**Q** 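To start, I am sharing the structure in question, which I have written as structure tokens.
This one's a predicted model, so the numbers in the text were calculated from it and none came from an experiment. Order of appearance sets the numbers: ligands from 1, and atoms from 1 within every ligand.
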Amino acid sequence: MNTQILQFNINNIDICAREIAQGGVVAFPTETVYGLGADALNKFAVKKIYEAKGRPSDNPLICHVSNRTQIEKFAYITPMAEKIIDKFMPGPITVVLKKKGVPDVVTGGLDTVGIRMPDHKCALALIEACGVPLCAPSANTSTKPSPTTALHVYNDLNGKIAYILDGGECGVGVESTIIDCVNGALLRPGGIPKEKIEELVGKLNDPPKSDVPLCPGMKYKHYSPAASVILAQYGKNMQDRIKKAYDSLCGKKAILSRLGGYENRNVLFVGNTVEEYAHNIFALFRKLDEQNYDYIICEGVPEFGVGAALINRLVKASGGNII
Ligand code: AMP
Ligand code: MG
């Protein structure tokens, strides 16, 4: 299969919607990262997503909708979800609700479904043209950093899908915040800060224990480049810890830094703000992989706002290698 990158216009939306109607998968931009979408009601199409990504099929997929009526049609809206939908949708947030008629292959056999309405005109136009929810994980090969440009998607999935809809660079750069609205819990920090959600709905519960493998030495790696990632905790002596780790490593190495202060060591600037750091992180991981780096040492950031989402991704990318 020849993978074509199509610019965002009405004609190309139509081509992609037809591909999806025929049971195909299409990559499309959202405000968080690029998604790999299929008709959520067509289980054969959904299986193709898992095949293209090389992702285990017990991992539930988020359903992307373009309006509120679609949420009502496919899920039981709780009072907490009602508030979140009103205030934050469209936006980088996913609500997990009891499902209505969504195939098991989409939800990993769970009786709940994750639903989100992306704040991106290209994504909304595509979903609207399809007339069905599009279930979509990030459009990368499983375990690789999430894609934030059409070219990232192409580099991972060329030959595996027919079309990539190109809507430019994603704004947020990290995935959506996931809220379990049945149990009132934060499942994943993301584009909308936990603090803002708690202002609206009150204190959220912590995710189930198995979802927070924060201890050093954990096995689970995700969002990760081929290079080994080392995360420096934000706080006292961070720069000193980073310099010491850098100097002890043999191989091609870089420090991802917002704050500087590393003398003549090899530093890549991630942006001035935590938001810029989050926006750039996955693209930087990919760039360093192209250049065959062995080690990437990442500065930590304060763990609130989008900083919490960024730290969550960096901990996972590091596989627990935290200094
Ligand atoms: P993404 O990595 O952005 O593709 O989002 C997929 C993630 O959303 C999954 O790995 C789960 O953590 C979460 N998710 C999606 N649907 C559900 C659900 N029904 N229940 C719990 N978590 C879900
Ligand atoms: Mg992903």
**Q** Indicate yes or no: at least one non-hydrogen side-chain atom of L231 is less than 4.5 angstrom from one of E299.
**A** no
**Q** Run the salt-bridge test on E175 and R313 with the 4.0 Å N-O cut-off and return the result as yes or no.
**A**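 A salt bridge links E175 with R313.
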**Q** Using distance alone, determine whether T107 and ligand 1 share an N or O pair under 3.5 Å.
**A** no
**Q** Report the part of K99 (side chain from C-beta onward, or backbone N, CA, C, O) that has a heavy atom under 4.0 Å from ligand 1; answer both or neither where that applies.
**A**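 Looking at K99 and ligand 1, no heavy atom falls under 4.0 Å.
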**Q** Provide the number and element of each atom of ligand 1 under 4.0 Å from a heavy atom of G114.
**A**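 What qualifies from ligand 1 is 16 (N), 19 (N).
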**Q** Any Lys/Arg nitrogen of R116 or E31 sitting under 4.0 Å from an Asp/Glu carboxylate oxygen of the other?
**A** yes
**Q** Has S138 got an N/O/S atom less than 2.8 Å from the Mg ion (ligand 2)?
**A** yes
**Q** I need the contact type for L187 against ligand 1. Using non-hydrogen atoms and a strict under-4.0 Å cut-off, is it side chain, backbone, both or neither?
**A**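 Side chain only.
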**Q** Taking only Lys NZ, Arg NE, NH1 and NH2, and the carboxylate oxygens of Asp or Glu, determine whether E263 and R265 approach each other closer than 4.0 Å.
**A** yes
**Q** Which of the atoms in ligand 1, numbered in the order shown and given with their element, are less than 4.0 Å from a heavy-atom of V113?
**A**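 Ligand 1 atoms under the 4.0 Å threshold to V113: 19 (N).
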**Q** Show which atoms of ligand 1 fall inside a sub-4.0 Å distance from at least one heavy-atom site of T112.
**A**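 Selected atoms, number and element: 18 (C), 19 (N), 20 (N).
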**Q** May I ask which of S138, G190, P60 has a heavy atom nearer to atom 16 (N) of ligand 1 than the others do?
**A**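 Heavy atom nearest to atom 16 (N) of ligand 1 belongs to P60.
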**Q** Any salt bridge between D104 and K99, counting N to O under 4.0 Å?
**A** yes
**Q** Considering only heavy atoms of L110, which atoms of ligand 1 have at least one such atom less than 4.0 Å away?
**A**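 Counting atoms of ligand 1 from 1, those under 4.0 Å from L110 are 18 (C), 19 (N), 20 (N).
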**Q** Answer yes or no: is there an ion pair linking E290 with R286, defined by an N-O contact shorter than 4.0 Å?
**A** no
**Q** Do you know which two heavy atoms are closest between S176 and T32, and how far apart they sit?
**A**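 Minimum heavy-atom separation between S176 and T32: N-CG2, 3.9 Å.
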**Q** With heavy atoms only and a cut-off of under 4.0 Å, state how I178 meets ligand 1: side chain, backbone, both or neither.
**A** side chain
**Q** With a cut-off of 4.0 Å, which atoms of ligand 1 are near a heavy atom of N59?
**A** 9 (C), 10 (O)
**Q** Between K243 and D247, does at least one N-O distance fall below 4.0 Å, as a salt bridge requires?
**A**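 Answer for the salt bridge query: no.
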**Q** Just jot down the ligand 1 atoms closer than 4.0 angstrom to any heavy atom of P137, in number order.
**A** 4 (O)
**Q** Would E175 count as being in polar contact with ligand 1, using the rule that some N or O on each side must be under 3.5 angstrom apart?
**A**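 Looking only at distances, the answer is no, because the N/O contact criterion of under 3.5 Å is not met.
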**Q** Can you sort out which atoms of ligand 1 are near R188, meaning under 4.0 Å from one of its heavy atoms?
**A** 1 (P), 2 (O), 3 (O), 5 (O)
**Q** Charged N to carboxylate O below 4.0 Å: is that the case for K253 and D294?
**A**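 Looking at D294 together with K253, the answer is no, because their closest N to O distance does not fall below 4.0 Å.
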